[in-house]
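Shown next, in structure tokens, is the structure this report addresses.
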Number of protein chains: 2
Amino acid sequence: MEGWPKQQSGRMRGRRVSAAKRLAMLEAARREFSVSGYLNANMDAVAASASVSKRTLYNHFPSKEVLFRAIIVRVAEEISRVATLRYRNDAPLREQLEQYAIQSIRLMRDARYLQLFRTVLAEHVRNPALVEPALATYWKAEYGFADWVRAAVADRRLFVRDAVRAGHIFGSLMRGAIIWPSILGRSSFKSDRLNAPINEAIDMFLAYYSVPERAKPQRNRARPAS
Amino acid sequence: MEGWPKQQSGRMRGRRVSAAKRLAMLEAARREFSVSGYLNANMDAVAASASVSKRTLYNHFPSKEVLFRAIIVRVAEEISRVATLRYRNDAPLREQLEQYAIQSIRLMRDARYLQLFRTVLAEHVRNPALVEPALATYWKAEYGFADWVRAAVADRRLFVRDAVRAGHIFGSLMRGAIIWPSILGRSSFKSDRLNAPINEAIDMFLAYYSVPERAKPQRNRARPAS
DNA sequence: TAATTATTGCACTTTCGAGTGCAGTTTCAG
DNA sequence: CTGAAACTGCACTCGAAAGTGCAATAATTA
């Protein structure tokens, strides 16, 4: 609850305007952070873009840091609502993974998010503490993959030793094919549809884990018998 | 050749000192950029740390940008010398991939590099133009994977439709298991040895591509017959 | 209407760091 | 030894942006 005016306590009066302006400020900040990054974002510009005095901005958010964190939390929530992998026993596994990939692509095609991701990533690398909350959500998604795998294993549709590990691998494949290329600007998706590289990654993943352990063609296994 | 003193032309005199100091400045800048990131790096600090006057620093490198680029180029060269995947027909494929993974891990365990990677990544996201040269090398490595795959295919040890695509997938797996976790600070390697997740990723990769196309267990193939 | 709280405008302080100008000193090749 | 080129020290300019103080004003609700 940081970043709320101190006057909040006691009877609340004159709060209608406040709520609307607060939203405007959050939206404006989001735009500003998106296009400028964290360090170059300008608090005067945020205030102006929200049609609010700078002083008001500082009444709501005591510092740039607090404002940034507020943005991050909001966006992280939005995303986790959209891009999740949920297990369904009534649909082909491939379809479920494809669905997830499509959702991710859609997210990356939305400049509104993409730019903000870049900002957050840059800041996370520069100053991890600043960005904690966003990343918490992010890693949760990773363990969402593990849950999905576990469910599929329980259904005897996959054969996996370590669900978390398999989840990481799926995550690597999706990030490598969708997220990083978008963020690092190597490629942009023309549509929401899957392309051949992504299909191939999903193929590989399913092929490997659709086969019982001892049938997998591996050499040189050096791992605890777990 | 940017960032060299203008006085260079004509007969060269008094250059012995110059070369040594130049090196000292590069080393100092590297340290400074590593620990502080690009924006927070302080040119006064660089000069001090190189035991050189600020004016001399600016005589060699007309701006912070130029200095940063110079560092990037040097480091990119060092890295591409160390972490490459070279095809050998006299060794198991698995061993070759493992070698590469081990080299990558070694790189990530070297704080000297790791910190600089973080800085470069942050800047690339913030300001891609600044970092071009480093990334050029980076993507070259990616196509190095494709070359390796092609060679293995020519040797009939792998069965791959599109070598570049397979190379990307291998890259995704390695980055997902080694590079990103290190850079984003989720895990650090205790030793240079491979761990189970990396082994499993390599297993998966080899398993999938060791089998002729039509034998692969895939559903729902939707791709050009290429 | 009266009391309360939010909002505004604007000038102000502070901090910080990149890059410059210049006069004097050092170094080294020839 | 000599003179060109490289180096030094230091004060300086310039700009930018975060955050503050305050007195005046507007909006809200009882």
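To find a chain, count down the sequence lines: A is the first, B the second, and so on, and within it residues start at 1.
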- Query: Between R106(A) and Q103(A), do the side chains contain an N or O donor and an N or O acceptor separated by less than 3.5 Å?
  - Reply: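 No, no side-chain donor-acceptor contact under 3.5 Å.
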- Can you tell me if R165(A) and N195(B) form a side-chain donor-acceptor pair at under 3.5 Å?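 Side chains of R165(A) and N195(B): no pair found under 3.5 Å.
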To the nearest Å, how far apart are [X] [atom1] and [N] [atom2]?
X      : N       : atom1 : atom2 : answer
K64(A) : dA17(D) : NZ    : P     : 8 Å
E65(B) : dG17(C) : CD    : C1'   : 15 Å
N59(A) : dT5(C)  : CG    : C1'   : 11 Å
Y58(A) : dC22(D) : OH    : P     : 18 Å
L57(A) : dT20(D) : CG    : P     : 12 Å

- Task: Scan residues 38-52 of chain A against DNA chain D and write down, sorted by residue number, each residue with any heavy atom closer than 4.0 Å; if none is found, say none.
- Result: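 Those residues are A41(A), N42(A), M43(A).
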- Message: Looking at K54(A) and dG19(D), is any side-chain donor or acceptor paired with a base atom of the opposite kind under 3.5 Å?
- Response: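 Counting by modelled atom types and ignoring angles, a donor-acceptor contact under 3.5 Å is found here.
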- Message: Is it the case that the base of dG21(D) and the side chain of R55(A) share a donor-acceptor contact (distance under 3.5 Å, atom types as modelled)?
- Response: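 Such a pair is found, so the answer is yes.
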- Query: Does S182(B) have any side-chain contact (heavy atoms from CB on, under 4.5 Å) partners at least two apart in sequence or in another chain, and if so, which?
  - Reply: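 S182(B): side-chain contact (heavy atoms from CB on, under 4.5 Å) contacts with M108(B), L114(B), F189(B).
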- Item | side-chain contact (heavy atoms from CB on, under 4.5 Å) partners for E65(A), two or more places apart |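 In terms of side-chain contact (heavy atoms from CB on, under 4.5 Å), with neighbours along the sequence ignored, E65(A) is linked to Y38(A), S63(A), R69(A), L130(A).
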- Query: Any side-chain heavy-atom pair from L93(B) and W148(B) closer than 4.5 angstrom?
  - Reply: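 Yes, at least one pair of side-chain atoms sits under 4.5 Å.
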Taking only side-chain nitrogens and oxygens of [X], does any of them come within less than 4.0 Å of OP1 or OP2 of [N]?
X      : N      : answer
S53(B) : dT8(D) : yes
H60(B) : dA6(D) : no
K21(A) : dT8(C) : yes

- Message: Could you check, using the six-membered ring where one of them is a Trp, whether Y100(A) and F145(A) have ring centers closer than 6.0 angstrom?
- Response: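 Centroid distance Y100(A)-F145(A): below 6.0 Å, so yes.
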